[in-house]
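Being a predicted model, the structure only gives us computed values, none of them experimental. Order of listing sets the numbers, starting from 1, for every ligand and every atom in it.
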Amino acid sequence: MKTFLALCGLCLLLPLAQAQQLKLRILETTDLHMHLLGWDYYQDKPAEDFGLDRTATLIQAARAEAKNTLLFDNGDLLQGSPLGDYMAKVKPPQAGQVHPAYKVMNALRYDAANIGNHEFNYGLPFLRRALPGAAFPYVNANIVVDDGTQPAEAAKNVFTPYVILDRRLTDEAGDVHPLKVGVIGFVPPQVMLWDRQHLQGRVRALDIPATARRLVPRMKAEGADVVIVIAHSGFERGETVFFAENTVARLAEVPGVNAVLFGHSHGEFPGRFFGNHPKVNLAAGTINGVPATMPGFWGSHLGVIDLVLRKDGAGWTAVDGRAELRPIYDRAARKAAVAPDPLVAELIRAEHEGTLAYVRAEVARSTLPIQSYFAQVADDPSVQVVSHAQLAYARKALAGTPHAALPLLSAAAPFKTGGRGGANYYTDIPAGPI
Ligand code: MN
Ligand code: MG
């Protein structure tokens, strides 16, 4: 009889306990660099190991498994492929036209996105024309107007520093609860050096962790039940200087932060490369106990964070969280792990075909093959041709000036040699038409 009563009591309590719990799944893409399709425009052939069209399939699958999901992009979106250059330099969106990145992301129903450093590569006017195409909010908290205001923290933000999204979440019992989700974004302050010609005198950058410590309490005070940091910033050991580029270890220590979506360094977290860091729990996918993801680059992975929230007075508190990465490509089997979502190619057919025509047009001929496989260790034609181009450009620019007679030296670096671009990131052009 006693056993029966105890069991029965548990039965009555169980639905009540579930009603006090919410599960929230958070999805991240980062560093897409305009690889909307699995198409290698340099080699002019399909590719299976990158492309948002395959990540889109993972997004749909991750949504189908969970009652409540949010989807975020972490920037370095608009630049980095011939499609990006074509949209910025050949066919920039006119008033009322939507950039192909946002045609796709609007269809995928992104909830918010963050500005990456490469968003500044084509200048602020291009960015201001492109961003309104996004049907979701953009956040950045550490770029402010350079109008002489002191201290810089008091200057006006260039972008919306954070948003507090009002969402309705369904609990395990099927009941719906309002939830306020705070989302804040950051970009490396080094944009002031990398894109000086576009930014100097117009904007200033603030330190990332200091800005988070200042604004996260404000977001909590404005009612955010959950705070998600989208940081276009990597995770390096021991980088604690003011104005650091890679700040994720310290962002995960800011009180009130419940999830960190990061990127920029094109790595994979959770991933074995970060296993020995004292603050990392690789099995749970946490840094300092905070679930975090860095889903590679070019759509190679989808970041998936699962938070468990418990009722806490009038609001909700995150009590548990774990993170994982889902790849689009099976490296061991050397084949695609998922099929592309055909909707993506349909949405941007005109832009894709315009880019193909652009890159297929002949601009020159080479009598020798140009490849960069050994560019880091030996003289190399792929670097030499860049050096020649720089000299030609500089001679033209100096013509008719007092410097025209000076001897000119040209130095070029072997950029396209694997590394963070991946094992296929090399120049390889056969002899013949370019
Ligand atoms: Mn990037
Ligand atoms: Mg970056």
Novice: Would you confirm whether Glu28, through its side chain, and Leu71, through its main-chain N or O, come within 3.5 Å as a donor-acceptor pair?
Specialist: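 The answer is no, because no donor-acceptor pair under 3.5 Å joins these two groups.
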
Novice: If you check every N/O/S atom of His264, which is the one nearest the Mg ion (ligand 2)?
Specialist: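 Closest to the Mg ion (ligand 2) among those atoms: ND1.
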
Novice: Should Lys180 and Glu222 count as an ion pair when the cut-off is N to O under 4.0 Å?
Specialist: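 A salt bridge is absent here (no side-chain N lies under 4.0 Å from a carboxylate O).
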
Novice: Which atom name would you report as the N, O or S atom of Asp31 nearest the Mn ion (ligand 1)?
Specialist: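 Among the N, O or S atoms of Asp31, the one closest to the Mn ion (ligand 1) is OD1.
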
Novice: Between Phe269 and Phe262, what is the ring plane arrangement, given parallel below 30°, perpendicular above 60°, and tilted in between?
Specialist: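 The arrangement is tilted - the two ring planes meet at 30° to 60°.
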
Novice: Please confirm if an N, O or S atom belonging to Asn117, backbone or side chain, lies less than 2.8 Å from the Mg ion (ligand 2).
Specialist: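 For Asn117, the answer is yes, given that an N, O or S atom comes within less than 2.8 Å of the Mg ion (ligand 2).
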
Novice: Quick check: of its N, O or S atoms, which one does Asp76 have closest to the Mg ion (ligand 2)?
Specialist: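 The Asp76 atom nearest to the Mg ion (ligand 2), restricting to N, O or S, is OD2.
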
Novice: Nearest to the Mn ion (ligand 1), which N, O or S atom of His266 do we find?
Specialist: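 So the atom name we want here is NE2.
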
Novice: Among the N, O or S atoms that His232 has, which is closest to the Mg ion (ligand 2)?
Specialist: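 Of all N, O or S atoms in His232, the Mg ion (ligand 2) lies closest to NE2.
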
Novice: Quick one: does NZ or CZ of Lys416 land under 6.0 Å from the six-membered ring centre of Tyr42, within 45 degrees of the ring axis?
Specialist: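 Satisfied, under 6.0 Å and within 45°.
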
Novice: Any salt bridge linking Arg331 with Glu268? Criterion: basic side-chain nitrogen under 4.0 Å from a carboxylate oxygen.
Specialist: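 Counted as a salt bridge, because a side-chain N and a carboxylate O are separated by less than 4.0 Å.
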
Novice: Is the count of non-hydrogen atoms from other residues, nucleotides or ligands lying under 6.0 Å from Lys91 atom NZ greater than 12?
Specialist: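 No - once you tally the heavy atoms of other residues, nucleotides and ligands closer than 6.0 Å, there are 12 at most.
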
Novice: Is any N, O or S atom of His33 under 2.8 Å away from the Mn ion (ligand 1)?
Specialist: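 For His33, the answer is yes, given that an N, O or S atom comes within less than 2.8 Å of the Mn ion (ligand 1).
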
Novice: Of all N, O or S atoms in Asp76, identify the one at the shortest distance from the Mn ion (ligand 1).
Specialist: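 Looking only at N, O and S atoms of Asp76, the one nearest the Mn ion (ligand 1) is named OD2.
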
